[in-house]
Asker: 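The structure is given below, and queries will be raised subsequently.
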Amino acid sequence: MAGAKKNFKATKKFEKKHLKGVLDQRKAGAKIKQRQQLKTKKQAKRSKDAEFYKGGENGENTPKPNGSKKTANVNDMSVDDFFGGGFEFIEKSPSGKKASKKLGKRKRDEPEEDGSADEGSDIEMSDNEAPVAGGSDDSGDEEADDVGMSKEAMDALAKDDPEFYNFLKENDPEALEFDDADLAEVDDLSASEEDDQPKKKRKKDKKQSKTAEAEEEETEDNELTQAMVARWKVAMSERQSLKAARRVVLAFRSAAHLNEDDVDENRRQAYKISNPEVFHDILIVALKQLPEVLQHHVPVKETSSGKVHVPTDSKKFKVLSNLLKSYVSAIIHLLGTLSDDATLKLTLSAITPVIPYILSFRKLLKNLIKTVVGFWSQSASSDTTRITAFLALRRLVVVGDKGIREAVLKATYQGLIAGSRVTNVNTIQGINLMKNSAAELWGLDQNIGYTTAFSFIRQLAIHLRNSIVHNQNDSYKTIYNWQYVHSLDFWSCVLAEHCSPLKEAESGKESQLKLLIYPLVQVTLGAMRLIPTATYFPLRFHMIRSLLRISRSTGTYIPLASALLEVLNSAEMRKSPKPSTIKPLDFHIAYKAPKSYLRTRVYQDGVGEQVVELFSEYFVLWSTNIAFPEFALPVVIMIKRWLKQSRKKTGGNNNNKIRAGLVLLVQKLEANTKFIEGKRAKVDFAPKDRAQVDAFLKDFEWEKTPVGAYVVAQRKAGAEKAKMLDQARKEDERKRKEEEQEALEENVDGLESDEEMEEFDEEDEDEDEDEDSEDDDEE
């Protein structure tokens, strides 16, 4: 026993010291073998089931009652075989032993069921919906578990056992070319298609392909040429060739990873590209023609409701899945290297037609969504780039399932918040474009839209509550920033677009998002009054405009007069301002007034203009309402009281500009009151008749009321003023660039003159040295 024990220890020691890598490699090979056996069994079982069902439909190959004289295996029999075979002796299946095997060390010859779930991606599949791409039980992710080691496994092998990796590299380099090996199946599929063609055409195509292959072999170092790209283009456009498509994908991947071979020598690409024209040509062919080839071989069927069906259980799709993954991965990588607007637009537009094919590749889809949202929300992106990226996101929401839609909506909102961090004259137009475009996505599926919008509005409310409860020095900064302001404004855009009576009439039902109006209004009013100081009057005006948008579109009454009267009755507006020559504050791109603006005439004039404008926009919403006289009376009284207070010689406000604006507003409100009183004096119904009250002046144009005409003129004047300011800003920008260019040219001229002086000095020194040498020679 002592000797056996010692022997056992020596064996263990030898295994640990010398055989560790060998045993690990054997185990890895055994796992691969087991996966291959499992896959073979699954395929055999599926083909057998398919033949059985097919035979059952056609009336062929049906089991005969007592036709088989051999002993039957019960595990290999269907129900019909079992009952149709009579009472013959059933042989016990050898595989039945596996069911009762004891726990212990697993034998290597037995296939191991890999029960671990694929980690995949964060995009969850909906329980109630079938996979969007439809058709088969195996998702596209199962293709990654094919026979052979994956590239990730081989990378790990290169790290853990570099000697074995170098041995493979020297003796079997084809084993390391996994992507090309995966795409090689496309050639087999293309060859099978060529067999179906007529004999003459097949001979002609073979002759052309042999000539092309011979020419490609002549090129040194796999250099990509324009002739090769042109041949592939012709083959794809005329014959829809999958072999040419495979080569285009390999060349496109090489173009996407251009100049990366120098960094990583282990990742050699299939082709080398040194000519910019060839780079341009392969991009055009890959981005424009490859989606057409895919549509020809695997057509996408789309219903009127927007749902798509891709035959994922077909042989072609399974073969093309690797090509699709490689193509989309190359697009994602290429997008990170581009800066030209035209190329970005072309690349992003190529994503839209291939979206239905990649819905089952969740991890790839997650990376794609993140990349597209990044370009959509990037402040440096142009309007065309943003719109192209948005079309790809919209396509994802239309054709995707619930999990994909929720992922797109969340990523879009997060991109909007990240892109609105910096708000100035140059970025405000792009931010407004983002808000208006993203608002459309929340109406495509209002079930998902409601849940996501509710969670995000609730998050805004939690931030507001925490800021009120934990009243510390900087707690308000989580609320008073551009991201919070743009969030509230964005949700007002969403509700204004999808809760309007016109939209509800088109859909024939009430919008689900309408339930979110009340919580959003409450959060906005709470944030508006968090710090009621003159410094944050611009933020208050932004939030009032957001609430006015909701009220205008949905017809919901929101009390905003008190918030404007608070501004008018503040200490900033009650006292006379100090004279100042600073530049007027642009309230559209500011949420906070600098300290230098407080108590100045410039700031007080701007606040007064905003108050008058917002009061008129507020009252014009109800200018045709039968209760307008009673509605406007409290505000008229408060404004008149303020005007009376401002006329006092001591303690009053002698700003005539604000007084004139408020006096004109009061006149228009009183004129509209008389107009409504005159109209309602002619009615013959009581206030209890609700239908008649709602129908009062319903068809009357609000622009023809006194307040409406005043607002129209005010908007026109505001648009002209904004246009003049924009022109002045562009002119200043042009002058600034010219001055910078002149200063740069002067610096260059100065440097050149300095260099000339240095050369002149060097020449003088050389001449002096020559003279000294001549004098020495004479001596």
Side-chain angles (χ1 to χ4, degrees), residues 496 537-538 540-569 573 584 586-588 604-644 646-647 653 655-682 696-725:
F537 281 167
R540 178 175 291 220
F541 297 149
H542 281 295
M543 294 187 175
I544 288 174
R545 291 181 192 279
S546 300
L547 294 177
L548 282 173
R549 183 188 294 113
I550 296 175
S551 187
R552 186 184 302 114
S553 299
T554 64
T556 306
Y557 170 69
I558 303 172
L560 296 174
S562 58
L564 292 169
L565 288 172
E566 287 174 9
V567 174
L568 203 58
N569 292 321
M573 302 297 290
D586 191 350
F587 285 85
H588 294 286
Q604 195 178 87
D605 289 348
V607 171
E609 287 178 4
Q610 293 291 313
V611 168
V612 172
E613 180 187 349
L614 292 173
F615 260 132
S616 60
E617 291 286 350
Y618 175 60
F619 281 109
V620 79
L621 299 177
W622 316 104
S623 59
T624 59
N625 194 284
I626 196 170
F628 184 85
E630 292 77 18
F631 175 62
L633 182 62
V635 177
V636 171
I637 293 172
M638 293 297 292
I639 293 176
K640 286 184 176 179
R641 189 177 295 171
W642 188 91
L643 289 170
K644 184 178 179 181
S646 67
R647 293 191 186 95
N653 189 349
N655 193 332
N656 292 324
K657 188 176 182 181
I658 296 178
R659 282 187 198 168
L662 290 173
V663 167
L664 183 60
L665 176 65
V666 169
Q667 290 175 357
K668 297 299 179 182
L669 291 178
E670 289 179 341
N672 206 86
T673 297
K674 291 179 181 178
F675 171 76
I676 294 296
E677 287 176 347
K679 290 287 184 181
R680 74 181 184 183
K682 301 175 184 178
F696 178 77
L697 295 182
K698 191 173 183 179
D699 299 328
F700 193 84
E701 297 179 3
W702 62 269
E703 294 91 343
K704 294 182 180 180
T705 61
V707 174
Y710 171 65
V711 169
V712 169
Q714 199 176 36
R715 288 178 182 176
K716 189 176 180 181
E720 291 177 356
K721 184 179 178 182
K723 187 177 179 181
M724 290 174 60
L725 289 172

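All heavy atoms count here, side chains included; hydrogens, waters and symmetry mates do not.
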Asker: Listed by chain and number, what are the side-chain contact (heavy atoms from CB on, under 4.5 Å) partners of A671, not counting sequence neighbours?
Answerer: P706
Asker: How would you list, by chain and number, every residue that makes a side chain to side chain donor-acceptor pair (under 3.5 Å) with K657, sequence neighbours excluded?
Answerer: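 Listed in chain order: E609.
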Asker: Taking it one step at a time, do N653 and Q604 satisfy side chain to side chain contact (heavy atoms under 4.5 Å, CB included)?
Answerer: CA-CA 10 Å; N653 189 349; Q604 195 178 87; 3.2 Å; yes
Asker: Less than 6.0 angstrom separating the ring centers of F696 and F628, yes or no?
Answerer: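 When the ring centroids of F696 and F628 are compared, they turn out to be at least 6.0 Å apart.
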Asker: Using every non-hydrogen atom in the two residues, find where A561 and V635 come nearest and quote the distance to one decimal.
Answerer: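 Where A561 meets V635 most closely, the heavy atoms are CB-CG2, 3.7 Å.
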Asker: Side chains of V711 and K668: does their closest heavy-atom pair fall under 4.5 Å?
Answerer: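 Heavy-atom side-chain distance check fails, nothing below 4.5 Å.
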Asker: Is the distance between the ring centroids of F619 and F631 less than 6.0 Å?
Answerer: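 Yes, the ring centres sit under 6.0 Å apart.
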Asker: With sequence neighbours excluded, what pairs up with L725 under the side-chain contact (heavy atoms from CB on, under 4.5 Å) test?
Answerer: K721
Asker: Quick one: salt bridge (Lys or Arg N to Asp or Glu O under 4.0 Å) partners of R659, sequence neighbours excluded?
Answerer: none
Asker: By side chain to side chain donor-acceptor pair (under 3.5 Å), which residues pair with S553, not counting sequence neighbours?
Answerer: none
Asker: How many angstroms lie between atom CG of L621 and atom OG1 of T556, to the nearest 0.5 angstrom?
Answerer: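 Spacing of CG (L621) from OG1 (T556) equals 11.0 Å.
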Asker: Would you mind reporting whether L697 and I626 have side-chain heavy atoms less than 4.5 Å apart?
Answerer: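 The answer is no, as the side chains (C-beta and beyond) never meet within the 4.5 Å cut-off.
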Asker: Give the minimum heavy-atom separation between S623 and I676, together with the two atoms involved.
Answerer: O-CD1, 3.2 Å
Asker: Mind checking side-chain contact (heavy atoms from CB on, under 4.5 Å) for E701 and listing every partner two or more places apart, or none if nothing turns up?
Answerer: E703, K704
Asker: Residues two or more places apart in sequence or in another chain: which of them pass side-chain contact (heavy atoms from CB on, under 4.5 Å) with K682?
Answerer: none
Asker: Does anything in residues 549-560 pair up under salt bridge (charged side-chain N to carboxylate O under 4.0 Å, His left out), and if so which pairs, sequence neighbours excluded?
Answerer: D489-R549, R552-E617
Asker: Report yes if the side chains of W702 and V712 come closer than 4.5 Å at any heavy-atom pair, otherwise no.
Answerer: yes
Asker: Would you mind listing every side chain to side chain donor-acceptor pair (under 3.5 Å) that reaches into residues 624-642, with sequence neighbours excluded?
Answerer: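 Passing the test, one end in residues 624-642: E630-R680, K640-E670.
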Asker: Do you know which two heavy atoms are closest between I550 and T554, and how far apart they sit?
Answerer: O-OG1, 2.6 Å
Asker: Drop me the distance from N672's CG to E677's CD, to the nearest 0.5 angstrom.
Answerer: 10.5 Å
Asker: Could you check whether any side-chain N or O of S551 sits under 3.5 Å from a backbone N or O of L547, counting only pairs where one atom can act as donor and the other as acceptor?
Answerer: no
Asker: Working to the nearest 0.5 Å, report the span between CZ of F537 and CG of L564.
Answerer: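 It is 10.5 Å, given to the nearest 0.5 Å.
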Asker: Answer yes or no: is there a side-chain heavy-atom contact under 4.5 Å between V611 and F541?
Answerer: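 With C-beta onward as the side chain, the pair touches.
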Asker: Decide side chain to side chain contact (heavy atoms under 4.5 Å, CB included) for F615 and V707; before the verdict, give the C-alpha distance in whole Å, the side-chain angles of both, and the deciding distance to 0.1 Å.
Answerer: CA-CA 10 Å; F615 260 132; V707 174; over 6 Å; no
Asker: Check ring pair (Phe, Tyr, Trp, His ring centres under 6.0 Å) between F700 and all other residues, then give those that pass, not counting sequence neighbours.
Answerer: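 With sequence neighbours excluded, F700 shows a ring pair (Phe, Tyr, Trp, His ring centres under 6.0 Å) to F675, given in chain and number order.
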Asker: CD1 of I639 to CG of L565: how many Å apart, nearest 0.5 Å?
Answerer: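 Spacing of CD1 (I639) from CG (L565) equals 6.5 Å.
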Asker: Applying side chain to side chain donor-acceptor pair (under 3.5 Å), name anything that partners S616, two or more places apart in sequence or on another chain.
Answerer: Q714
Asker: Search all heavy atoms of V612 against all heavy atoms of Y710 and return the closest pair with its distance.
Answerer: CG1-OH, 3.4 Å
Asker: At their closest point, which heavy atom of L548 faces which heavy atom of L560, and how far apart are they?
Answerer: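 L548 and L560 have their closest heavy atoms at CD2-CD1, 3.8 Å.
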Asker: For a quick check under 3.5 Å, do R540 and Q610 share a side-chain donor-acceptor pair by atom type?
Answerer: no
